Amino acid sequence: MEPKIQSTAWNPEIIEKAILKKWEEEDIYHFAIDDDDDESKPAFVIDTPPPYPSGRPWHIGAAAHYAQIDMIARVARMNGKNVLFPIGIDRNGLPVEIYTEKKYKVRMRQMDRQKFLDLCKVALDDLEAEMIQIMKRMGLSGNFKEYYRTDSDEYRALTQATFIELWKRGLVYLANRPNNYCPDCGTTIADAEIVYNEIPTKLIYMKFKVTTRKNKERGKEEEEKKKKNNDNTDDTLIIVASTRPELLYACQAVIVNPEDDRYKHLQGARAILPLFNREVSIVPHHSAKPEFGSGAVMVCSYGDQNDVQLFRELGLKEIVALNENGFTTEAAGQQYAGLRVNQARTKIVEDLKNAGLMEKEESITHRTPLCERSKTPIEIIALHDYYVKQIEFVPQLKELAFKLKFHPDMHRQILLKWLDSINIDWPVSRRRFYGTEIPIWYCNTCKAPNLPPSDGKYYRPWKDKPPFEKCAKCGNVGSGFTGEDRTFDTWMDSSISPLYVTKFDKDKKMFDYAYPTAIRPQAKDIIRTWLHYTMLRCVQLTGKIPWHEAWIMGYGVDEKGEKMSKSKGNVIDPFPVIQKYGADTFRFWSASEANLGYDFRCSEQRIAGAQKFLSKLWNVGRFLSSFEVIGERKAPSYLEPSDRWILAELARVVKECRRGYSEYNFFVPANAIRDFTWHLFAAHYIEMVKGRAYIANTDDGNNKNDDDDEKRGKRSALYTLHRCFSTILLLIAPVIPFIVEELWTKMYSSETTIHRQAMFRKEQEELEEIEEDAEMTKYTKAIIDFNSMVWNKKKETISKETGKPLSLKDPIDIPVPSELEQFGQDLKAMHNLTAR
RNA sequence: GGAUGGGUAGUCUAGCCCGGUUAGGAUACCUGUCUUACACACAGGUGGUCGAGAGUUCAAAUCUCUCCCCAUCCA
């Protein structure tokens, strides 16, 4: 019989594209709730992470991540769920602004806002098109027809409506607080947006004069001790070391460690700021580390977060050191006002030197907080910003964090640690342009904020007229309003993705059916942000946790195990790889390489290695396609021992796959299927039953004459071969959908796609339950060993005729061990054994 | 400094939770082979003090302790 499959190799370039087209035409991943058939099924909504098109190339680890999210969707679909796998693109935020400024050589604040926004859109559209192309080419079974953008009017309207809702409930407030501020981006940023870097800097030792009687009252005893120890420090001075000498004028205290003997006598004394000649207290505080610098630290508003805390703790009066452009204020005095931070530092250090007020400087590396996006050192400046309350929700969120099922469980810890460390509310206003506008207008008379109704409309207060004329507070009608020109933190948008995809506020039937969603798949590096903020917002708005499960993937790291980043230049572009090896190869690599939750290494060599399995699978399929399919659903009444043996092994694989898939750990099924298919099914079983399978048909093959031993053996073999192979295809379908679809339609069902089949079939379950057959797996090792031994013998035996080792088809005189007697006939045929 | 994960042949990795035959596999390397699908294959082989040390045990890659190294996140 001619094989149904002719081509000798799997050719992804042509076939995968043809299959993609077919899937699209037949709309096989359709999700609907109006369809009777689908509605009766349980909903399975994936809260897909909308990727951010921040520049080329896209990240190979991200592509691998989406490939696996698609596997989640496919597994759920094959398990009878009504799957909604939304595709969205996250388009709000700073990266595109920076990208646009670079690309078009413009400055955001120096051009027309609308024109700048238009340029951003163009840049985003380009990058997005490329991303969508890659996602489609990978075979994602997502809802591309209705893919959404977080900067669409509809999405932004929902962001605004949910904000207005929070406002009404009193969960939003305006506060003037010291906050992280990036002078380069010109905006407040949240703690979560800060990165730290060791940066070389100078530690400046400054001489502060000490003015106190206490100093002179010290006993003679101490003077003696001092002389003994060769201590030449000048008692009228205290040396203060700081990496931020430019903030000297904003200093309100000097702290020393209470245990520090050098300064015990100065506690409670006062010091005079050099250059500025202002008195401040010397206060004991445990946060001063004796071993750092001189052990005496100046407290300024604000050098770092510790200063903020100290100001609060010690009740110090804030001195505004920097304005919102990052320039020094009048507080610096005429000489130093209006300078950039660096200029001020140079000048002050110079003046300290010249005045002999600097003891020394020391080169150190300092762990400096940087803006995650622009990599500029952040400043801490007091500004008016809007805050969303989160502190009061922390206990509730913690409780919910335990109810949320994490895959893998260990990553729950990241969220819990983060919740523990939260000590301020969430600042959500940003002085940026490309984002969702904060929907507020201020009354020109009383300055009160006025919000529009949460009616699902999209508002742009910086350019639109307010949808009201009268101020809600003072009642003034004529004076008009001024629109808020700030935007939201982008997490305000992305944190409502589960609400958007389930049509919160738009379609009650849909929302009730689909929310809470099934699963949030995401990378582990944004647990503190996206996962946390989504929980917070959804709990605030719906009172419910937005998902049942969270699936956390590790990073794709480079060949050395280091994180890929554009600055390191080790980012691998996924598209050429996918084009070269095909989507299935890429997907299989992703599944077989990345163990759930752990980082995985990206190397092209390993991707090329994954291709070999597809080739093997294709060839097994090609071989089997030359044999007729017998009793696909129903087993023949009699099965040979060899067939019962491999079916028992198959049952084990099914079980293993079921376990892996139930945890969305594709590493497990990918490796289980590869091992079984290659090293057991193809290497041993197929060779064992070739003899039976090749017995010529004497009738039409459908004759159920079980009396004939030969025919009975053939039927048993053909049934088992196809049972194993079709099961393999079903089990691995979510991982490598293309090749499996091609083999399935060519071999088993030209009409229906494999991707709507049930993955676990009844017969399999029955099979798993036959204990007697499960026992058969105990022969596996003996069979492998025996085969190995025969192959070895043949290799060792030099043929008298050819002078070369025996060919595998040459006869050899080896007895079948009694343990394997029941497989005797198959083994004899396989090896051409002559012994009885 | 803290947290999390990891350290198993040249390289990558399974096993560790629940201790028990010769530590499994992949890749690379070496040798041989056209064998009723597959040379993108098959058969065979070289290569490991399971990070170091100590302890528990009849028995430790696996449990306990100490230390070292790497990655990531946080201060």
Side-chain angles (χ1 to χ4, degrees), chain A residues 1 3-11 191-192 194-196 287 289 291-292 304-306 309 367 369 408-418 420-421 423 523-529 552 554-555 557-563 565 581 585 589 592-595 597-603 605-627 667-668 671-672 674-675 678-679 682-684 686-687 690-691 693-696 721 725 781 787-796 798-799 802 804-810 829-832:
Chain A
M1 192 171 157
K4 289 180 199 151
I5 291 166
Q6 297 285 333
S7 163
T8 55
W10 166 239
N11 187 343
D191 285 354
I194 293 172
V195 294
Y196 290 83
S287 74
K289 289 181 192 126
E291 67 280 5
F292 181 79
D304 57 26
Q305 284 294 352
N306 195 38
Q309 212 179 324
R367 196 166 167 281
D409 200 54
M410 65 180 177
H411 287 330
R412 174 182 292 112
Q413 207 55 26
I414 302 174
L415 178 63
L416 292 174
K417 286 273 164 196
W418 177 246
D420 274 337
S421 71
N423 53 29
K524 76 175 177 201
D525 56 341
I526 51 175
I527 289 177
R528 292 179 301 131
T529 49
I552 310 293
Y555 314 104
V557 296
D558 73 2
E559 282 170 297
K560 290 176 212 140
E562 284 175 29
K563 194 176 171 177
S565 69
Y581 297 99
T585 297
W589 162 77
S592 64
E593 198 81 357
N595 205 343
Y598 294 89
D599 294 350
F600 56 98
R601 303 206 180 194
C602 302
S603 99
Q605 198 190 20
R606 318 220 86 225
I607 296 171
Q611 198 177 23
K612 290 186 174 184
F613 172 65
L614 297 194
S615 196
K616 188 75 190 178
L617 188 71
W618 181 260
N619 273 301
V620 172
R622 191 162 84 93
F623 172 62
L624 293 187
S625 73
S626 59
F627 303 108
F667 182 86
V668 172
N671 285 296
R674 173 167 55 189
D675 287 350
W678 204 322
H679 303 296
H684 296 276
I686 289 182
E687 297 303 327
K690 263 183 187 171
Y694 274 112
I695 290 167
L721 283 167
F725 195 66
K781 192 175 183 313
N787 288 339
S788 218
M789 186 268 286
V790 176
W791 285 322
N792 247 334
K793 273 267 161 60
K794 285 195 176 179
K795 197 178 168 176
E796 284 161 12
I798 303 298
S799 160
T802 62
K804 292 210 285 186
L806 286 182
S807 163
L808 290 187
K809 64 186 172 188
D810 287 335
M830 172 180 177
H831 296 295
N832 198 4

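Keep in mind that what you see is a predicted model, and the values were worked out from it rather than measured. Here is how names work: the chains are called A, B, and so on, in the same order as the sequence lines, proteins then strands, and each is numbered from 1.
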Original post:
Which atoms form the tightest heavy-atom contact between A:Glu593 and A:Arg601, and what is the distance?
Top reply: CG-O, 4.0 Å

Original post:
For atom C1', what is the distance between B:G51 and B:U62, given to the nearest Å?
Top reply: 16 Å

**OP:** Might you point out which heavy atoms bring A:Thr585 and A:Ile607 nearest each other, and give the distance in Å?
**Re:** CG2-O, 3.4 Å

Original post:
If you round to the nearest 0.5 Å, how far is CD1 of A:Ile552 from CG of A:Asp409?
Top reply: 11.0 Å

Original post:
A:His831 and A:Asn787: which non-hydrogen atoms are nearest, and at how many Å?
Top reply: NE2-OD1, 2.8 Å

Original post:
Closer than 4.0 Å, any side-chain N/O of A:Lys612 to the OP1 or OP2 of B:A41?
Top reply: yes

**OP:** Provide the distance between the two P atoms, one in B:C34 and one in B:A71, to the nearest whole Å.
**Re:** 50 Å

**OP:** Give a yes or no on whether a donor-acceptor pair under 3.5 Å exists between the nucleobase atoms of B:C74, that is its base, and the side chain of A:Lys417.
**Re:** no

Original post:
Between B:U22, B:U36, B:A37, which nucleotide gets closest to the side-chain atoms of A:Phe623?
Top reply: B:A37

**OP:** Report yes if the ring of A:Tyr694 lies under 5.5 Å from the six-membered base ring of B:U36 with planes under 30°, and no otherwise.
**Re:** yes

Set out, line by line, the N/O atom pairs under 3.5 Å between protein and nucleotides 9-18 of chain B.
residue: B:C12; atom: OP1; partner: A:Arg601; partner atom: NH1; Å: 3.4
residue: B:C12; atom: O2'; partner: A:Arg606; partner atom: NH1; Å: 3.4
residue: B:A14; atom: OP1; partner: A:Asn595; partner atom: ND2; Å: 3.4

Original post:
Which part of the nucleic acid, if any, lies within contact of A:Lys795, taking any heavy atom under 4.0 Å across all strands shown: a base, the sugar-phosphate backbone alone, or nothing?
Top reply: base

Subject >> Residues that A:His411 engages under side chain to side chain donor-acceptor pair (under 3.5 Å), provided they are two or more places apart >> reply: none

Subject >> A:Gly554 backbone acceptor or donor facing A:Asp599 side chain under 3.5 Å >> reply: no

**OP:** Quick one: label A:Gln605 by what it contacts on the DNA or RNA (base, sugar-phosphate, nothing), any heavy atom closer than 4.0 Å.
**Re:** sugar-phosphate

**OP:** Nearest whole angstrom, please: distance from the C1' of B:U36 to the CG of A:Asp810.
**Re:** 15 Å

**OP:** Mark yes or no for whether A:Ser625, through its side chain, and A:Arg622, through its backbone, hold a donor-acceptor pair below 3.5 Å.
**Re:** yes

Subject >> Nearest-angstrom distance from the residue atom CG of A:Asn787 to P of B:A43 >> reply: 10 Å

Original post:
Within the structure, does a side-chain N or O atom of A:Ser788 lie under 4.0 Å from either OP1 or OP2 of B:G44?
Top reply: yes

Original post:
With nearest nucleotides of RNA chain B determined for A:Asn792 and A:Gln611 from heavy-atom distances, which residue corresponds to the more 5′ nucleotide?
Top reply: A:Gln611

Original post:
According to the interplanar angle, ranging from 0 to 90°, do the rings of A:Tyr694 and A:Phe623 count as parallel (below 30°), tilted (30 to 60°) or perpendicular (above 60°)?
Top reply: tilted

Subject >> Watson-Crick and G-U pairing of RNA chain B written in dot-bracket, each distance under 3.5 angstrom, with | for inter-strand partners >> reply: (((((((..((((......[...)))).(((((.......))))).....(((((..]....)))))))))))).

Original post:
With rounding to whole Å, what would you report as the distance between B:A26 and B:C42 at their P atoms?
Top reply: 10 Å

Subject >> Length of the CG-P vector between A:Asn306 and B:A75, whole Å >> reply: 13 Å

**OP:** Check every strand shown and say whether A:Ala682 touches a base, only sugar-phosphate, or nothing at a heavy-atom separation below 4.0 Å.
**Re:** base

Original post:
For atom P, what is the distance between B:A75 and B:C68, given to the nearest Å?
Top reply: 25 Å

Subject >> Touch class at under 4.0 angstrom, heavy-atom based, for A:Trp678 against every strand present >> reply: sugar-phosphate

Original post:
Is A:Lys809 touching bases, backbone alone, or none of the nucleic acid, heavy atoms closer than 4.0 Å?
Top reply: sugar-phosphate

**OP:** Please state how far atom CZ in A:Phe627 lies from atom P in B:A37, giving the value in whole angstrom units.
**Re:** 9 Å

Original post:
How do A:Lys524 and A:Ser807 order along RNA chain B: which one's closest nucleotide is nearer the 5' end?
Top reply: A:Ser807

Subject >> Integer angstrom distance from the C1' of B:C73 to that of B:A60 >> reply: 32 Å

**OP:** Quickly work out the A:Tyr555 OH to B:C73 P distance and round it to whole Å.
**Re:** 5 Å

Subject >> Euclidean distance for C1', B:C69 against B:A52 (whole angstrom) >> reply: 10 Å

Original post:
Hey, are the side chains of A:Leu617 and A:Phe725 touching, using non-hydrogen atoms and a 4.5 Å cut-off?
Top reply: yes

Subject >> B:A26 phosphate, OP1 or OP2, under 4.0 Å from A:His679 side-chain N/O >> reply: yes

Original post:
Expressed in angstrom and rounded to an integer, what is the separation of A:Ile527 atom CD1 from B:G5 atom P?
Top reply: 13 Å

Subject >> Minimum-distance nucleotide to A:Leu808 side chain [options: B:C42, B:A37, B:U35] >> reply: B:U35

Original post:
Should the ring pair A:Trp618 and A:Trp10 be called parallel, tilted or perpendicular, given that the plane angle runs from 0 to 90° and is split at 30 and 60?
Top reply: tilted

**OP:** Can you figure out which of B:C42, B:C73, B:C40 approaches the side chain of A:Ser615 most closely?
**Re:** B:C40

Subject >> Nearest-neighbour nucleotide for the A:Arg622 side chain, B:C73, B:G32, B:C38 considered >> reply: B:C38

Subject >> Nearest-angstrom distance, C1' atom, B:C50 to B:U13 >> reply: 13 Å

Original post:
How close or far is atom P of B:C38 from atom CG of A:Asn11, stated in whole angstroms?
Top reply: 18 Å

Original post:
Taking atom C1' in both B:A28 and B:G10, what distance in whole Å separates the two?
Top reply: 7 Å

Subject >> Side-chain donor/acceptor of A:Lys794 to backbone N/O of A:Leu808, under 3.5 Å >> reply: yes

**OP:** Give a yes or no on whether the backbone of A:Tyr555 and the side-chain of A:Lys563 come within a donor-acceptor separation of less than 3.5 Å.
**Re:** no

**OP:** Considering only NZ, NE, NH1 and NH2 on the basic side and carboxylate oxygens on the acidic side, decide whether A:Lys690 and A:Glu687 come within less than 4.0 Å.
**Re:** yes

Original post:
Would one find a side-chain N or O of A:Lys804 under 4.0 angstrom from OP1 or OP2 of B:C34?
Top reply: yes

Subject >> Given B:A37, B:G25, B:G5, the nucleotide with the shortest approach to the side chain of A:Met410 >> reply: B:G5

Subject >> Gap between atoms CG and P, on A:Asn671 and B:G24 respectively (whole Å) >> reply: 17 Å

**OP:** Mind checking A:Lys794 for me? I need base, sugar-phosphate or nothing, with any heavy atom below 4.0 Å counting as a touch.
**Re:** nothing

